[in-house]
2 protein chains.
Amino acid sequence: MSSSKLLKGSLATIVLKLLEENEKMYGYEITQRVKEITAGEFKITEGALYPTLHKLEAEGMLSTETQKVDNRIRKYYSLTKEGNAEAQTKVAELEEFLLNLQKLLNPKLGMG
Amino acid sequence: MSSSKLLKGSLATIVLKLLEENEKMYGYEITQRVKEITAGEFKITEGALYPTLHKLEAEGMLSTETQKVDNRIRKYYSLTKEGNAEAQTKVAELEEFLLNLQKLLNPKLGMG
DNA sequence: AAGTATACATAATTTTCTTATGCATAAGAA
DNA sequence: TTCTTATGCATAAGAAAATTATGTATACTT
């Protein structure tokens, strides 16, 4: 994630969330989808994305399937059953985290 | 920040924001304030906080002033003029970032 | 022919934490 | 009175997660 080196540690969660919604996606597609959703503000770098995908796969969260399209290889990733559970957990954790961050950034919210 | 190694990269912004609201604070006070605001969910470690404060000071964002209270030393930090501007910028960037993250986590928001 | 887009991957480096350690005083519990 | 917890600072070693740079390869556009 480029954008400005903010948030390190949310990339895996973003990937899991996208796969939760999409059944299967390949790496390049993920970078483009994120760029699209954030109107170009998040640019996920390959140097961050691929190691993250490989790690999630190694942990059993993702399964893969390669396809050849137009003579180019696409490696599709899908959530495993375990990956699905992990997606739920990670997204919930991140949302919780964001709520707390917002309390810090907007003190008035903390008073309610 | 303990809590779960989420968000790396937001600590300096949090510190700047707190100092924007408080005139002056010392390190230990910052850890306690964050803990209080987040109901114990963020625990800022000294190993993260002090180097961050030192760095911000070295960059001219913070000025310091030591006081002895009850025989214990407190090192108070305040925003410099430059630090005040930096606080504005960093907070705005983080908020922007959070909005984008929320679009990713809650796709329905992205469609509006 | 050169540049951009698509598509994967890895290595070196940097940033930013966590964990561990160290020093020191004060207050409360056992 | 001794041990633990709280207050208060600081730094060093190690880990985690990015960035940046590099490499390979095909396809499309200028």
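Reminder, nothing fancy here: chain letters follow the sequence lines and each chain counts from 1. Heavy atoms only: backbone and side chains are in, while hydrogens, waters and symmetry mates are out. Please read these numbers as outputs of a predicted model, since none were measured by experiment.
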Just the rounded figure in Å: distance from [atom2] of [N] to [atom1] of [X].
X: B:Gln32; N: D:dC9; atom1: CD; atom2: P; value: 11 Å
X: A:Lys55; N: C:dT10; atom1: NZ; atom2: C1'; value: 17 Å
X: B:Ile73; N: D:dA6; atom1: CD1; atom2: C1'; value: 17 Å
X: A:Ile14; N: D:dA18; atom1: CD1; atom2: C1'; value: 13 Å
X: A:Leu11; N: C:dC17; atom1: CG; atom2: P; value: 17 Å
X: A:Leu56; N: C:dA9; atom1: CG; atom2: P; value: 13 Å
X: A:Tyr76; N: C:dC8; atom1: OH; atom2: C1'; value: 14 Å
X: B:Tyr26; N: D:dA6; atom1: OH; atom2: C1'; value: 11 Å

Within a reach of under 6.0 Å around CG of A:Leu99, are more than 12 heavy atoms found that belong to other residues, nucleotides or ligands?
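Check passes, neighbour count above 12.
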
On DNA chain C, check which nucleotide each of B:Thr52 and A:Arg74 is closest to and give me the residue with the more 5' one.
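So the residue in question is A:Arg74.
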
Listed by chain and number, what are the side-chain contact (heavy atoms from CB on, under 4.5 Å) partners of [X], not counting sequence neighbours?
X: B:Lys35; result: B:Gln32
X: A:Thr89; result: A:Glu93
X: A:Glu21; result: A:Lys17, A:Leu18, B:Pro107

Sequence neighbours excluded, which residues qualify as side-chain hydrogen bond (donor to acceptor under 3.5 Å, both in side chains) partners of [X]?
X: B:Glu29; result: B:Arg33
X: A:Glu82; result: none
X: B:Glu57; result: B:Thr64
X: B:Glu96; result: none

Would you kindly compare A:Leu49 and B:Tyr77 by the position of their nearest DNA chain D nucleotide and give the one closer to the 5′ end?
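It is B:Tyr77 whose nearest nucleotide is closer to the 5' end.
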
Would you write out the dot-bracket form of DNA chain C, 5' to 3', with Watson-Crick and G-U pairs under 3.5 Å, [ ] for crossing pairs, | for pairs to other strands and . for unpaired bases?
||||||||||||||||||||||||||||||

Sub-3.5 Å pairs of nitrogen or oxygen atoms, protein against nucleotides 11-13 of chain D:
unit_1: D:dT11; atom_1: OP2; unit_2: B:His54; atom_2: ND1; d: 3.2

Compare side-chain N and O positions of B:Lys75 against OP1 and OP2 of D:dA10 and report whether any pair is under 4.0 Å apart.
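Checking D:dA10 against B:Lys75, a side-chain N or O does come within under 4.0 Å of OP1 or OP2.
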
With A:Glu59 via salt bridge (Lys or Arg N to Asp or Glu O under 4.0 Å) - residues at least two apart
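Partners of A:Glu59 by the salt bridge (Lys or Arg N to Asp or Glu O under 4.0 Å) criterion, ordered by chain and then number, come out as A:Lys55.
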
For B:Glu65, all residues meeting salt bridge (Lys or Arg N to Asp or Glu O under 4.0 Å), sequence neighbours excluded
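Checked B:Glu65 against salt bridge (Lys or Arg N to Asp or Glu O under 4.0 Å); matches are B:Lys24.
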
Would you tabulate the pairs of protein nitrogen or oxygen atoms and nucleotide nitrogen or oxygen atoms of nucleotides 26-30 of chain D closer than 3.5 angstrom?
unit_1: D:dT26; atom_1: O2; unit_2: A:Arg72; atom_2: NE; d: 3.0
unit_1: D:dA27; atom_1: OP1; unit_2: A:Asn71; atom_2: ND2; d: 3.4
unit_1: D:dA27; atom_1: O4'; unit_2: A:Arg72; atom_2: NH2; d: 3.0

Do A:Val91 and A:Leu16 have side-chain heavy atoms sitting under 4.5 Å apart?
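The answer is no, as the side chains (C-beta and beyond) never meet within the 4.5 Å cut-off.
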
Any side-chain heavy-atom pair from A:Tyr76 and A:Gln67 closer than 4.5 angstrom?
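Answer yes - side chains close enough.
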
Hey, does A:Lys68 reach any base, or is it just sugar-phosphate, or nothing, if we go heavy atoms under 4.0 Å?
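It contacts nothing in the nucleic acid.
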
